[in-house]
Amino acid sequence: MQKELAGQVIVRPLAGPVRTVAGADCGLCAGGTKIRAAAVLCDAESMVVLATAKVEMPCRFPYVPGLLSFREAPAVIAAVEKLPARPDLLMCDAQGLAHPRGFGLASHVGWWLNLPTIGAAKSRLCGLHGSLGRRKGDRADLMLDDKCIGAVLRTRDNVKPMFISAGHLVSLDDAIEWTLKCCRGVRMPQPTRIADKIVKEP
DNA sequence: GCGACAG
DNA sequence: ATCTTGTCGC
């Protein structure tokens, strides 16, 4: 299914203006029997939080590397749809095209919602890359089968780099640019960072 | 057969 | 993802 849907993913520069950026993240609750997702809508210019949404549902799929979307996408999609408005861009705490079959969670969610999405993961799923400088903005191409599938990006000085890739309806360059724009002095993009915080509160 | 492996 | 103790840097 992923191999087939990967052919429907569109990678190109953002088509319209980005006035709002949303971030989504998941966490477990109820002793690991339920999955909780939070979506945070922010003003793209100031990163001020405009709205938040939270949902909970039973876990219906185990965590299997490469199949994360079958576990988290339903919750992420529900949370984003619960926001008062559709964002112009959505940041996901997972891979987009930087996936063995080119269809990570960010691509899956973007494809389903027909929304521009970016994959900004804290660690690597697949691909190889060379070393990169340790200053904010330093990067290296993430390669798989002789193709560039994403970038390893230092989002602030001296921190572990993040793995950025296009999810859907964005280019890798736009993904990198918006990731840096959303970071504002912290390692994780603000919208995703706040969603992560919400998901963890009791 | 062994190691790697988003969250 | 979650849990856990100590350490490092601003």
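Here is how names work: the chains are called A, B, and so on, in the same order as the sequence lines, proteins then strands, and each is numbered from 1.
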Engineer: Going by the angle between their ring planes, with limits at 30° and 60°, are A:His108 and A:Phe103 parallel, tilted or perpendicular?
Structural biologist: tilted
Engineer: Salt-bridged, A:Asp88 to A:Arg86, with N to O below 4.0 Å?
Structural biologist: no
Engineer: What's the NZ-C1' distance between A:Lys200 and C:dA1, to the nearest Å?
Structural biologist: 9 Å
Engineer: Heavy atoms under 4.0 Å is the rule here; annotate nucleotides 1-7 of chain B 5' to 3' with B where the base is hit, S where only the sugar-phosphate is, and - elsewhere.
Structural biologist: ---SBBB
Engineer: Evaluate the ring planes of A:Phe70 and A:Phe61, with Trp represented by its six-membered ring, and classify them as parallel (under 30°), tilted (30 to 60°) or perpendicular (over 60°).
Structural biologist: tilted
Engineer: Treating Ile, Leu, Val, Met, Phe, Trp and Tyr as nodes and any side-chain heavy-atom pair under 4.5 angstrom as an edge, say whether A:Val76 and A:Trp112 lie in one connected cluster.
Structural biologist: yes
Engineer: Under the 3.5 angstrom rule, does the side chain of A:His99 hit a backbone N or O of A:Gly66 as a donor-acceptor pair?
Structural biologist: yes
Engineer: In whole angstroms, how far is the P atom of C:dG9 from the CZ atom of A:Arg156?
Structural biologist: 13 Å
